[in-house]
Amino acid sequence: MAKILLTGGAGYIGSHTYVELIASGYEVVILDNFSNSHPSVLDRLEVITGAPVIALEGDVLDANFIKDVFAEHTFDAVVHFAAKKAVGESVEQPLDYFQTNCVGFSTLLGVMKDAGVRRVVFSSTATVYGVPDILPLPENHATRPESPYAVNKLVCENLLKQLKTSDDTWSYGILRYFNPAGAHPSSLIGEDPNDIPNNLMPYIAKVATGELARLRVFGDDYDTPDGTGVRDYIHVVDLAKGHVQSLRKLIEQDESHVVNLSTGIGYSVMDMLKSYQAACGKKLEYEIVGRRAGDIDGFWGDPSLARDLLGFKAERGLDDMCKTSWNWVSRRKNN
Ligand code: UFG
């Protein structure tokens with residue numbers, strides 16, 4: 001079976017992808033600097049998979065370290081998550097974001113090139129599209145990234161395309177995620193932000209556990225059915241499976257692709273809150289406040305290309321996202 005380097009494998013989406021890769025029979029080496037994750041995730045991955053985890057602590061910016069990793073292991077492909085991911089923070093720290101997200105990735109690609117490893121699955125984002133001209137968003141929609149974070153992702157996407165132009169033996173799977181939500185059914189891994197969350201789902205989760213008093217709903221005057229922002233929430237286990245399908249496409253058919261990982265369905269902030277209330281069995285407090293700068297009305301993806309190319313279909317609905325999130329955060333809080 002193919003051997004995969006999984007950078008950022010202790011993070012939220014990375015850890016779920018690890019589980020799906022192992023379940024599909026891949027041999028996986030995790031590389032993580034634990035800047036936004038906990039080493040204890042590795043123990044929990046061992047419980048879930050029933051097998052020892054091979055993990056290396058280090059940074060994608062450390063070229064000598066990465067070279068040593070590639071000298072020690074013969075990889076068939078890399079699945080790259082290791083990056084900074086907070087849109088607001090990227091506006092405050094554009095240099096740090098460029099350094100980790102773009103320089104880190106190009107450092108990794110340089111070592112891959114020298115080692116003759118030419119396949120990579122890249123974690124991108126639907127925010128590369130910017131404000132949509134049409135919905136659902138197709139992959140050939142114009143890209144108009146607005147934050148440094150979104151620009152970083154597009155720079156990396158373009159770098160992969162340029163590499164392939166320079167040498168056709170490269171192949172890439174660029175996966176543009178919509179809004180990840182939910183947790184693993186084991187409740188052993190999930191999203192675990194250190195600070196006050198920026199994103200809706202982890203914020204609601206902390207209201208449900210009592211760590212935060214109430215949700216602030218950023219605007220109820222959007223052009224959506226209930227006036228609150230609409231997004232395409234996708235279960236993290238579905239997302240993780242999408243990575244395995246992308247990897248398979250590269251390894252078995254050598255076919256590069258750029259696809260949305262989306263459900264094609266939009267839910268509003270109030271839909272999410274109601275569904276979470278049902279999952280946790282409590283009334284969750286909220287207040288309507290002003291719009292958050294940069295937010296837009298509605299945003300959901302066209303999932304048809306991922307279905308046609310990769311056979312990808314998101315199978316887990318909103319109830320499952322809220323239920324698994326609640327199970328994870330309530331268990332984490334009690335431990
Ligand atoms: N929202 C609130 N209150 C909060 C947090 C969010 O009302 O405390 C609302 C937002 O206004 C928006 C919706 O919930 O309408 C979703 O907001 P998120 O911050 O959860 O998600 P975004 O769509 O803004 O962005 C996220 C990630 C990006 C990713 C993008 C993909 O932050 O990195 O989804 O669509 F690229």
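Just so it is clear, the model here is predicted, and its values are computed rather than measured. In each ligand, atom 1 is the first atom listed, and ligand 1 is the first ligand listed. Every heavy atom of this structure was used, including side-chain atoms; hydrogens, water molecules and symmetry mates were not.
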Just which atoms of ligand 1 are under 4.0 Å from any heavy atom in [X]?
X: Gly229; answer: 15 (O)
X: Asn198; answer: 5 (C), 19 (O)
X: Val87; answer: 33 (O)
X: Tyr233; answer: 13 (C), 16 (C)

Legend entry - Phe122/Phe105 aromatic ring centres below 6.0 Å: yes
Legend entry - Validation row, ring centre Tyr177 to ring centre His243 under 6.0 Å: yes
Under 3.5 Å, N or O to N or O, is [X] touching ligand 1 that way?
X: Asn199; answer: yes
X: Arg231; answer: yes
X: Leu200; answer: yes

Inset, instruction - Output yes when Asp192 and Arg332 qualify as a salt bridge under the 4.0 Å nitrogen-oxygen rule, no when they do not. - result: yes
Legend entry - Glu285/Arg214 salt bridge by N-O under 4.0 Å criterion: no
Legend entry - Shortest heavy-atom approach to atom 4 (C) of ligand 1 - which of Phe218, Tyr267, Phe178, Tyr149: Phe218
Inset, instruction - Look at the aromatic rings of His184 and His16 and report parallel, tilted or perpendicular, splitting at 30° and 60°. - result: tilted
Inset, instruction - Using non-hydrogen atoms of the residue, decide whether Tyr222 is closer than 4.0 angstrom to ligand 1. - result: no
